[in-house]
Number of protein chains: 2
Amino acid sequence: MESTVLAAADIGGTSIKLGLLSGTGDILDKWELPTDLANNGEAIPEQLAHSLLDRLKRNGLGKENVRGLGVGCPGFMDMDHGFVHQAVNIGWRDFPLKERLEKATGLSVIVDNDANVAALGEMWKGAGNDESDCLCITLGTGVGGGVIINNDIVHGTSGLAGEIGHVTVIRVGGARCNCGRQGCLETVCSATGIVRLAEEALETSPSITSSLRTLQGTLTAKAIFDAAKEDDALAKQVVDFVTAELGHVLAQFANVLNPKVIVIGGGVSKAGDALLRPVRQAFTNAALPLIAESCRIEEALLGNDAGIVGCAWLVNEKV
Amino acid sequence: MESTVLAAADIGGTSIKLGLLSGTGDILDKWELPTDLANNGEAIPEQLAHSLLDRLKRNGLGKENVRGLGVGCPGFMDMDHGFVHQAVNIGWRDFPLKERLEKATGLSVIVDNDANVAALGEMWKGAGNDESDCLCITLGTGVGGGVIINNDIVHGTSGLAGEIGHVTVIRVGGARCNCGRQGCLETVCSATGIVRLAEEALETSPSITSSLRTLQGTLTAKAIFDAAKEDDALAKQVVDFVTAELGHVLAQFANVLNPKVIVIGGGVSKAGDALLRPVRQAFTNAALPLIAESCRIEEALLGNDAGIVGCAWLVNEKV
């Protein structure tokens, strides 16, 4: 293994993904741990440190070979100080993550939120192709995002930037969102939102025959995109609506930020061209022509590795 | 005068505003020239250089006392090279502005577009209060904008960032915009758009009495805001609509960029609280609570000086 590596840890509510990466972002080693949620995640820093130092040793490396440790985690935090105000999925509240990890590992630590490190990973080594202006959106159970401008992640004034899932798309009568408001992009373009829209369409249009009826109650976004590919009218109607809204919203942000590339990740992005083609069409219709011409819309490439790659970028650029 | 100054020139289609500023952004001297539009603006660099060098001499200064010249101008350009692809109001096409100005003045020159230098000026010494994350919008004949993130202006991949005037707000049946598309924010919130909305309301609601009827054909945005303050029902309806749309759009961008301050400038902003209060209300309704809490919406403070102050910032930070 190389003599200097970047250490990375992407902490989630279920597992911690760890990695050792080269200075150019190649993954040299990677592994996972189940997240120790006991005592509101109190022991996570020690758990993580133990595993990391052990793995270094097995690779014939010591702390002196590690440039630093980049960490992604969910929740609301002060990135400058690596201080987590609240991470509901883990149990942390006012948790000095950076301080605790530096003590436990003896390494320099830099912390950012999980959506941002995933965006940085895709920007650096994924579909973003190392472009300095890049918008990333993740369509999963919810909708998250990360904004990269002038080759750096945008945190905003209180670390909350990137909440593209809570842009309002249905201004009147939109579905209730987890954030407590109505009509957010997340209610339309998340996997959950797409399923809800199909369930609603099945109920309100009983006369339309649809292969989705046999799946009612167990519908998935994948099944809906698959049915749309088979020309199922009801599924097509849902996909048309979802992709039109997504393309429209992305165009609004492109008009103001003029990104080189927009990367769409998360489970829903697995639909590939069935998602991307109509999104690109709606985007082109709503963006200024010169803006649309200079912006690609791509499917994310790194999957679950995006987080650790972004953590390594943070070490490379900021430690 | 101080021994080292920042030179600034904000070039418009009618006049060139020039200034000498201190390193802390105080205006030490300022003056204007009528823009020499002869021969498609061919002589502007020499005109500008002559006036600037003359003024320096009158202040007892030479080139050696000038840190550099910051320039703002309208049009589509490559900021990195100060090369203007097209500036319709001036006549330039493929005009190497930076190169020509450096030759004519003997100074280091940095060029950006007029909306961006105005935004930088407001950020530095105006309502932006030197905050590192700041969104500026100008409501004039059209609607322009500038986005400041991580203490730098956002250019985007092809220099087109900031086009908040061309965000679509009326998705079906919106008025035709100068950009060729329909329903842009500019068709609703520019001075022109506000007047159009009032003229339309006067036509479609002949039964509503309104003091604006006597002004039909000579309406201004100012008259409409004034009438709204006097409880004119029709004027209030227009103002309610315009401010609701503007607050809504600003909230969408705040959700993604989490700015500390949003500065509203341009002629329409002179309406002051009659504009700001309902915009803030609509903004708070549509933004995530933590985003809304951490963001102020303010009226621009520098008026026509914003451009030269922003030009000076460019010299200070980038030359």
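Just so it is clear, the model here is predicted, and its values are computed rather than measured. Within every chain, numbering begins at 1; the chains are lettered A, B, ... in the order of the sequence lines, protein sequences first and strands thereafter.
- Atom CG of A:Asn178 is surrounded by 12 or fewer heavy atoms from other residues, nucleotides or ligands within 6.0 Å.
- A search for side-chain contact (heavy atoms from CB on, under 4.5 Å) contacts involving B:His85 returns B:Phe76, B:Asp78, B:Phe83, B:Asp94, not counting sequence neighbours.
- The residue among A:Leu257, A:Leu135, A:Val147, A:Ile291 with the most heavy atom pairs within less than 4.5 Å of chain B is A:Leu257.
- Counting heavy-atom pairs closer than 4.5 Å to chain A, the top-ranked of the candidates B:Glu131, B:His155, B:Arg181, B:Glu293 is B:Arg181.
- Under the rule for a side-chain contact (heavy atoms from CB on, under 4.5 Å), the partners of A:Asn113 that lie at least two apart in sequence or sit in another chain are A:Met77, A:Met79, A:Ala115, A:Asn116.
- B:Arg93 CZ: 12 or fewer foreign heavy atoms inside a 6.0 Å radius.
- In terms of heavy-atom pairs under 4.5 angstrom with chain B, the leader among A:Leu160, A:Val261, A:Asp133 is A:Leu160.
- Here the CD1-CD1 distance, from B:Ile149 to A:Ile148, works out to 12.0 Å after rounding to the nearest 0.5 Å.
- Taking B:Ser158, B:Ser132, B:Gly162 one by one and counting their heavy-atom pairs under 4.5 Å with chain A, the maximum is reached by B:Ser158.
- Taking B:Ala251, B:Ala287, B:Gly165, B:Cys179 one by one and counting their heavy-atom pairs under 4.5 Å with chain A, the maximum is reached by B:Ala287.
- Heavy-atom distances place the side chain of A:Asn150, and not its backbone, under 4.5 Å from chain B.
- Looking at every heavy atom in both residues, A:Arg171 comes nearest to B:Val169 through NH1-O, 4.2 Å.
- A donor-acceptor pair is defined here as one N or O able to donate and one able to accept, closer than 3.5 Å; no such pair exists between the side chain of B:Glu163 and the backbone of A:Leu288.
- Taken from CZ in A:Phe253 to CG in B:Asn255, the straight-line distance is 7.5 Å, to the nearest 0.5 Å.
- Of the two parts of A:Ile153, only the backbone, made up of N, CA, C and O, holds a non-hydrogen atom closer than 4.5 Å to a non-hydrogen atom of chain B.
- In this structure, A:Asn258 contributes its side chain and B:Gly159 its backbone to a donor-acceptor pair below 3.5 Å.
- No more than 12 heavy atoms of other residues, nucleotides or ligands lie within 6.0 Å of CZ in B:Arg277, so this atom counts as exposed by the packing criterion.
- Annotation for B:Thr168 and A:Ala286: closest pair OG1-O, 4.2 Å, computed over non-hydrogen atoms.
- Counting heavy-atom pairs closer than 4.5 Å to chain B, the top residue among A:His248, A:His166, A:Gln182 is A:His248.
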